[in-house]
Amino acid sequence: MSTVKLAVVYYSSTGTVHAMAKRLAEAGRQAGAEVRLRQVAELAPQEAIASNAAWSRHFDDTKDEPKATADDIVWADAVLFGTPTRYGNVSSQLKQFLDTLGPQWSQGLLSDKVYAGFTASMTAHGGQESTLLALYHTIHHFGGIIAAPGYTDPLKFADGNPYGVSHVTGGNNDAPLGEVELAALDHLAQRVVRIAGKLSA
Ligand SMILES: Cc1cc2nc3c(=O)[nH]c(=O)nc-3n(C[C@H](O)[C@H](O)[C@H](O)COP(=O)(O)O)c2cc1C
């Protein structure tokens, strides 16, 4: 069986979704996949970034990381998309990336792959599920296969999000990932790699 190709494509302002993406990439590698970890380009004006110390710091720390391209999605057998929750919706930065994929969509190059999503919000619930469902609208249009985690493992009863994986950053927007979220991220990566492997077998 050929090695599964996993793309982890994310946007993050202040580092939370970036930390989730890194964990997914590592879990994907541990599961035997070849992994591309890719950040989508920042679109916010410099004044907006500069107004938030955590955002400025994260932007500077990660600005040289490889940027997502359409080829990363075409290349992959499985794709995990990550975005902070923005008013219960997908961030404009990730949406902009999705909106550049029209040429690949029209050629059917985004279909028949395994997809799932992950997100973070400041408050509990806070729009996490609506963000993931909004993300999945696009995947339906791709003809993608959404591998939502559901409650396919007892650990999903702890994190409680059957639509994907999510984290609550809390009032200071800096709560680190806990054991529950880390386990849910590992489970998501293992699951999409396993399903993509079965599909390509
Ligand atoms: C414009 C904007 C809208 C946001 N909307 C929500 C929201 O609807 N619900 C919520 O709980 N948090 C909301 N937040 C907080 C972010 O979701 C949180 O800061 C983010 O998940 C942190 O991820 P990051 O560190 O990867 O950027 C919002 C933040 C911004 C800047």
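Given the structure is predicted, the values throughout are model-derived calculations rather than measurements. For ligands, and for the atoms within them, numbers begin at 1 and follow the listed sequence. Heavy-atom basis, side chains included; hydrogens, waters and symmetry copies ignored.
Side chain to side chain, S200 and D77 fail the donor-acceptor criterion of an N or O pair below 3.5 Å. Checked by atom type, the side-chain pair T85/T119 shows a donor-acceptor distance below 3.5 Å.
Of all atoms in ligand 1, numbered sequentially from 1 with element shown, those under 4.0 Å from a heavy atom of T16 are 22 (C), 23 (O), 24 (P), 25 (O), 26 (O). Contact atoms of ligand 1 toward N173: 18 (C), 19 (O), 22 (C) (distance under 4.0 Å to a heavy atom of the residue). Listed by atom number, the atoms of ligand 1 under 4.0 Å from T14 heavy atoms are 22 (C), 24 (P), 25 (O), 27 (O). For ligand 1, the atoms sitting less than 4.0 Å from at least one non-hydrogen atom of G88 are 8 (O), numbered in the order shown with element in parentheses.
In terms of polar-atom proximity, Y11 is not counted as a contact of ligand 1, lacking any N or O under 3.5 Å from an N or O of the ligand. Residue contacts with ligand 1: P84 is placed with no nitrogen or oxygen under 3.5 Å of a nitrogen or oxygen of the ligand (distance criterion only). Considering backbone and side-chain N/O atoms, T123 comes within less than 3.5 Å of an N/O atom of ligand 1.
With hydrogens left out, the protein atom closest to atom 12 (N) of ligand 1 is M122 N, 3.1 Å, a heavy atom. For atom 7 (C) of ligand 1, the closest non-hydrogen atom on the protein side is G126 O, 3.4 Å. Nearest protein neighbour of atom 2 (C) of ligand 1, counting heavy atoms only, is R86 CD, 3.5 Å. Closest protein heavy atom to atom 5 (N) of ligand 1: Y87 N, 2.8 Å. Nearest protein heavy-atom contact of atom 26 (O) of ligand 1 is S12 OG, 2.6 Å.
At least one heavy atom of A120 sits under 4.0 Å from some atom of ligand 1.
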* Before giving the answer on side chain to side chain contact (heavy atoms under 4.5 Å, CB included), spell out for W55 and E42 the whole-Å C-alpha distance, their side-chain angles and the decisive distance to 0.1 Å. => CA-CA 11 Å; W55 194 355; E42 181 58 88; 3.0 Å; yes
* To do: Would you sort out whether S166 and N161 count as a side-chain hydrogen bond (donor to acceptor under 3.5 Å, both in side chains), showing the intermediate values?
  => CA-CA 7 Å; S166 52; N161 191 340; 2.9 Å; yes
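Counting heavy atoms under 4.0 Å from ligand 1, residue T85 touches it through both backbone and side chain.
Y10 places none of its side-chain heavy atoms less than 4.5 Å from the side chain of L24. Within the 4.5 Å cutoff, the side chain of V8 has heavy atoms near those of the F118 side chain. Inter-residue side-chain proximity for R36 and W75 is flagged as met; some heavy-atom pair is nearer than 4.5 Å.
Between the side chain of H140 and the main chain of Y136, a donor-acceptor pair closer than 3.5 Å is present.
Around atom NZ of K95, no more than 12 heavy atoms belonging to other residues, nucleotides or ligands sit under 6.0 Å away.
Tested against F97 for a side-chain contact (heavy atoms from CB on, under 4.5 Å), the candidates T69, T83, V40 yield a single pass: V40.
The option from S13, A21, A124 that lies nearest to atom 27 (O) of ligand 1, judged by heavy atoms, is S13.
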